[in-house]
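What follows is one structure encoded as structure tokens, with my remarks underneath.
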Amino acid sequence: VYKRQGVYTVLHSFTSDIEGTSVNAAPVLVGSKLYGITEDKGLYGGGSVWSYDLATNSFSIEAQLGYENGKNPLSGLVLNPVNNELNYSIEQTANGAKGGINSFDASSNSYNNVSNYSDNDIQTVINKPIYYNNKTFVITQLASNAITTAVFGVAEIDINTGDVIGTIIPIAPDADPTKLLNSIVSTNIVQEGSMLYGGTHGSLFSFDLATMTSSTLHTFSSTKEGDASDGISMTGDMIYGFNTHGGTNSNGTIFSYNLTSNTFAILEETPSNSSYRGIISSGNYLFTVKLDSTVGYSIASMDLTANAPVFSSVASIDSTTIGFQPGPNLAEYNGVVYGIMNDGGTNNLGGIFKLETSTSTLSQVLNFDETTGFYSFNTELLITPAEDPQGLNDNDGMGNIYVYPNPSSGIYTIAIEDIKEFSLYNNLGTLLFTKEGTSEVNLTNYSSGLYIIKVTTTKGEVTEKLIKE
């Protein structure tokens, strides 16, 4: 566990198998404490739940995991908005070979196996629990007897019993059995209110948790548009992503999908000598890590306002100082893009880099070594200002804004002049959406809890917290 505030600091080193190994998911910040999971080892061989108190600089193992209480947590922790407990999916328990949902109550330091999945149609749950409207959902690989039109589906789970409520709804189904593999979910999942968005090997899809309805937004034409979608990023009503196969160059494509007009567009054919890893939006640009077989790695950007946008390298990556073998996840905060390299760098163990998008300045935040840990192949990044974890005081000298009513059941009005746009973030700092030229904020379809709004005006930026009842 580490932080960066001008100087790199190791908060805690997982030095023994007793504490657990494979700390791959982003921690969750609750008050002054970071909570996270390890996926393997620990006292009982099933990982652990840990905490680190930023106020006292103290590390604790909150729960040792094994068959009796659920082993091998998946994809990290998520805060349940109903009871403010930390929930996570587990692969297997003594009473549930299919796994289940565990919880940790940070206020009382109590741990509980909430439920075990029991439906015969569930093969393997692949993600942390998803919450909407006080309901719990999971994405599951369907059992072989249930696979008819799709490989994966969304299930609403009774949090008390682990039973599936209703039926499991297939994701991006296709009645043609020869196209079954096209339904394999292959990207990250983005949630906006009741809506889930993602990509499969053969399509872009949305899933409405309010109506339990799966929709195929676009089916890829492999020869022209590519297939095997490998990552998406969302800004407002736009989905951006890339395919890794197919297309005119047989090397994939960069694409966009407009949710308002329901239009799909190829932004760029991936050159035959190139490949991309990770994708994130910042302002009017997309950023990725590009590998050119001739010149090596670089950070590339795409101007989305251009008539024929393409990824162009803006900063070369020196494998001996920055590293190579990029991880699948990029993160953005305040115009700075962050990412992880899994090899190379000063110590040949990878590290963390950042790109100042305004100046295209690339620098190394950290070179991994034996002390810090290394090979963070699937690591997620949690970015928060060190002195202000929710970013509430980043107001560029503009003073405060007034957002009313606050709290609200869903509709807010921003009282400030010359609004250009605003961006809404959840309490973990994840961007949910951006809107331009309006003073109305609509959170009707979002769960109760704390949100952060960043308003951009002609004079600068100002942030405020919103409470959704």
Side-chain angles (χ1 to χ4, degrees), residues 2-9 231 233-236 238 240 242 254 267-268 274 276-292 295-324 326-327 329-341 344-346 350-368 381-388 391 393-398 420-423 425 429-431 434 436 452 454-463:
Y2 47 83
K3 70 176 181 179
R4 166 79 179 181
Q5 185 188 356
V7 177
Y8 170 83
T9 303
S233 177
M234 289 191 67
T235 300
M238 297 296 298
Y240 300 101
F242 62 96
I254 307 298
L267 301 178
E268 180 191 14
S274 299
Y276 302 124
R277 187 66 164 162
I279 188 168
I280 195 74
S281 59
S282 180
N284 291 323
Y285 289 84
L286 294 179
F287 291 87
T288 188
V289 179
K290 179 180 180 179
L291 173 60
D292 185 298
V295 299
Y297 285 102
S298 66
I299 304 297
S301 71
M302 175 183 287
D303 185 350
L304 297 173
T305 64
N307 291 328
V310 295
F311 269 123
S312 300
S313 296
V314 296
S316 297
I317 295 176
D318 185 340
S319 63
T320 63
T321 57
I322 302 296
F324 57 94
N329 301 305
L330 296 176
E332 187 271 348
Y333 185 80
N334 277 352
V336 181
V337 172
Y338 298 85
I340 290 177
M341 292 295 188
T346 304
I352 301 174
F353 66 84
K354 70 175 182 178
L355 177 79
E356 301 282 352
T357 61
S358 61
T359 60
S360 297
T361 302
L362 179 67
S363 60
Q364 186 72 317
V365 175
L366 167 70
N367 277 296
F368 293 143
L381 293 170
L382 171 68
I383 302 174
T384 61
E387 299 301 329
D388 185 12
N393 298 319
D394 183 22
N395 290 347
D396 292 345
M398 293 173 57
K420 295 173 63 176
E421 67 177 22
F422 68 81
S423 298
Y425 300 80
T430 302
L431 176 65
T434 298
E436 296 181 355
I452 310 301
K454 177 178 286 187
V455 181
T456 302
T457 75
T458 56
K459 298 179 181 179
E461 293 182 342
V462 60
T463 55

> Can you list the residues that meet the salt bridge (Lys or Arg N to Asp or Glu O under 4.0 Å) rule with Glu421, with sequence neighbours excluded?
Replying inline: none
> Residues in ring pair (Phe, Tyr, Trp, His ring centres under 6.0 Å) with Phe311, at least two apart?
Replying inline: Tyr276
>> Working note: Met302 + Ser312, criterion side chain to side chain contact (heavy atoms under 4.5 Å, CB included); need CA distance, chi angles, decisive distance, verdict.
In response: CA-CA 6 Å; Met302 175 183 287; Ser312 300; over 6 Å; no
> Looking only at heavy atoms, which two atoms of Ala315 and Leu355 are closest? And how far apart?
Replying inline: CB-CD1, 4.0 Å
>> Donor-acceptor check, side chain of Thr456 to backbone of Phe422, threshold 3.5 angstrom: yes or no?
In response: no
>> Give me the atom names and distance for the closest heavy-atom approach of Gln364 to Ile352.
In response: OE1-O, 2.6 Å
> Between Thr235 and Thr434, does a side chain to side chain donor-acceptor pair (under 3.5 Å) hold up when you go through it step by step?
Replying inline: CA-CA 6 Å; Thr235 300; Thr434 298; 5.9 Å; no
> Can you check side chain to side chain contact (heavy atoms under 4.5 Å, CB included) on Asp303 and Tyr285, steps first, answer last?
Replying inline: CA-CA 5 Å; Asp303 185 350; Tyr285 289 84; 3.6 Å; yes
> Does the side chain to side chain contact (heavy atoms under 4.5 Å, CB included) test come out yes or no for Thr357 and Ser301, once each step is laid out?
Replying inline: CA-CA 9 Å; Thr357 61; Ser301 71; over 6 Å; no
> Looking only at heavy atoms, what is the nearest atom pair of Met341 and Val289, with distance?
Replying inline: CE-CG1, 4.2 Å
>> Once rounded to the nearest 0.5 Å, what's the spacing between atom CG of Leu291 and atom OH of Tyr297?
In response: 4.5 Å
> Taking atom CZ of Arg277 and atom CG of Leu330, what is their separation to the nearest 0.5 Å?
Replying inline: 10.0 Å
>> Looking at every non-hydrogen atom in both residues, tell me the closest pair between Ser281 and Met234 and how far apart they are.
In response: OG-O, 4.0 Å
> Under 4.5 Å between any side-chain heavy atoms of Pro309 and Glu268, yes or no?
Replying inline: no
>> Rounded to the nearest 0.5 Å, what separates atom CD1 in Ile254 from atom OH in Tyr240?
In response: 12.5 Å
> About how many Å separate OG of Ser298 and CD1 of Ile317, when rounded to the nearest 0.5 Å?
Replying inline: 6.0 Å
> Between Val337 and Glu332, which heavy-atom pair has the shortest distance, and what is it?
Replying inline: CG2-CG, 4.2 Å
>> Rounded to the nearest 0.5 Å, what separates atom NZ in Lys454 from atom OH in Tyr425?
In response: 4.5 Å
> Under the side-chain contact (heavy atoms from CB on, under 4.5 Å) test, which residues partner Asn284, sequence neighbours left out?
Replying inline: Thr305
> Does a sphere of radius 6.0 Å around CZ in Phe324 hold more than 12 heavy atoms from other residues, nucleotides or ligands, not counting ones at 6.0 Å or beyond?
Replying inline: yes
> What's the shortest heavy-atom distance between Leu286 and Ile279, and which atoms?
Replying inline: CD1-CD1, 4.1 Å
>> Checking Phe287 against Ser282 for the side chain to side chain contact (heavy atoms under 4.5 Å, CB included) test, could you report, in this order, the C-alpha distance in whole Å, the side-chain angles of both residues, the deciding distance, and whether it holds?
In response: CA-CA 8 Å; Phe287 291 87; Ser282 180; 3.9 Å; yes
